[in-house]
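Comments concern the structure below.
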Amino acid sequence: VSISSRKPASPTDCLFIGLALYRLGQSERAIEVLEAGYNRFPTETLLADNFLRVGLELGQHERITKTLGPTAGQMSVERLARELNDWHDQVSLIGYCLRAGLPTLADDLIAAVVRACDDIIELWRLSDELLATGRRGEAEDIYRRLSRRPPDSPEAFLYSALSFERLQR
């Protein structure tokens, strides 16, 4: 029996089948399995966390918000924020919080990223998330910081120039 045709019977089955499908490039099927697993076993935090993580990677904020709701969504974000050390993931969590009505949690995550992140691309992404959700002043603060940063690579030069351009608008 192939993994994609196996029927998950337990929370662990849902988790491992969903993650295997995701790793095999079957993203839509993976998120369906994780979502169905969470709906069937709503107290399983690993299902909630991985549904959130995969959903964010697929850009399915509304689906995540609708399925998890505010309480489970916030708890998953809090767990993942502690576990995920990648700035890309942290900025994705912030984007989710901003769209899911979790501004206090978003503020805490934003402060941590702004304080510690030195990845110019992820700071740019954070600025874009802030701009897209109506937090222009905070976005401009980051653009200002990026525009003043001495470029140490072609990438840094590009984002520094783009930040300067954004500030001129």
Side-chain angles (χ1 to χ4, degrees), residues 1-135 138-139 142 155 159:
V1 174
S2 75
I3 191 108
S4 60
S5 63
R6 185 168 176 198
K7 299 288 183 212
S10 70
T12 304
D13 287 349
C14 295
L15 178 65
F16 290 140
I17 291 170
L19 292 177
L21 289 166
Y22 185 71
R23 289 188 180 108
L24 290 169
Q26 297 179 34
S27 302
E28 190 54 41
R29 179 77 179 109
I31 197 151
E32 288 171 3
V33 169
L34 292 168
E35 182 177 34
Y38 174 76
N39 285 332
R40 191 167 161 204
F41 306 104
T43 60
E44 294 295 324
T45 59
L46 283 175
L47 279 171
D49 294 355
N50 283 283
F51 172 68
L52 173 65
R53 189 180 55 75
V54 171
L56 289 175
E57 289 178 24
L58 299 175
Q60 297 190 10
H61 294 93
E62 286 183 36
R63 182 179 194 169
I64 299 165
T65 303
K66 181 179 177 188
T67 300
L68 294 181
T71 303
Q74 179 169 344
M75 290 171 31
S76 284
V77 168
E78 289 170 349
R79 282 189 297 272
L80 289 175
R82 287 190 302 269
E83 294 172 13
L84 301 174
N85 296 318
D86 182 80
W87 293 120
H88 181 83
D89 293 332
Q90 294 291 326
V91 173
S92 294
L93 290 172
I94 291 167
Y96 169 74
C97 289
L98 292 170
R99 288 172 179 78
L102 301 169
T104 303
L105 184 53
D107 291 342
D108 293 343
L109 295 173
I110 290 165
V113 169
V114 168
R115 181 178 56 253
C117 181
D118 62 354
D119 184 325
I120 195 165
I121 294 173
E122 294 311 320
L123 288 168
W124 177 267
R125 277 189 62 230
L126 175 57
S127 298
D128 282 353
E129 287 286 353
L130 292 166
L131 200 58
T133 55
R135 296 174 72 157
E138 292 168 280
I142 296 171
E155 220 170 50
Y159 285 98

Q: Step by step, work out the side chain to side chain contact (heavy atoms under 4.5 Å, CB included) result for Leu105 and Leu93.
A: CA-CA 10 Å; Leu105 184 53; Leu93 290 172; over 6 Å; no
Quick one, [X] and [Y] - any side-chain contact, counting heavy atoms below 4.5 Å?
X	Y	value
Arg99	Glu129	yes
Val113	Leu123	yes
Ile110	Arg135	yes
Leu34	Leu21	no
Leu84	Asp86	no
Leu46	Thr12	no
Asn50	Tyr38	no

Q. Among side-chain atoms of Gln60 and Arg63, is any donor-acceptor pair under 3.5 angstrom?
A. yes
Q. Pick one: which of Arg125, Glu57, Arg53 meets side-chain hydrogen bond (donor to acceptor under 3.5 Å, both in side chains) with Ser92?
A. Arg125
Work out which heavy atom in [X] is nearest to a heavy atom in [Y]; give both atom names and the distance.
X	Y	result
Leu109	Ala81	CD2-CB, 3.6 Å
Pro11	Glu44	CB-CG, 3.5 Å
Leu47	Cys14	CD2-CB, 3.8 Å
Ala9	Arg40	O-NH2, 3.4 Å
Gly55	Ile64	C-CD1, 3.5 Å
Ala30	Gly18	CB-O, 3.2 Å

Q: Determine, step by step, whether Val33 and Asp13 satisfy the side chain to side chain contact (heavy atoms under 4.5 Å, CB included) criterion, reporting the C-alpha distance in whole Å, the side-chain angles of both residues, the deciding distance to 0.1 Å, and the verdict.
A: CA-CA 9 Å; Val33 169; Asp13 287 349; over 6 Å; no
Spatial distance of atom [atom1] ([X]) from atom [atom2] ([Y]) [nearest 0.5 Å]:
X	Y	atom1	atom2	value
Ile142	Ile120	CD1	CD1	12.0 Å
Leu56	Ile94	CG	CD1	11.5 Å
Asp49	Met75	CG	CE	9.0 Å
Glu78	Glu83	CD	CD	12.0 Å
Leu52	Gln74	CG	CD	12.0 Å
Ile121	Trp87	CD1	CH2	15.0 Å

Q.
Walk me through whether Leu80 and Asp89 qualify under side chain to side chain contact (heavy atoms under 4.5 Å, CB included).
A. CA-CA 9 Å; Leu80 289 175; Asp89 293 332; over 6 Å; no
Q) Is the number of heavy atoms from other residues, nucleotides or ligands under 6.0 Å of Glu32 CD greater than 12? A) yes
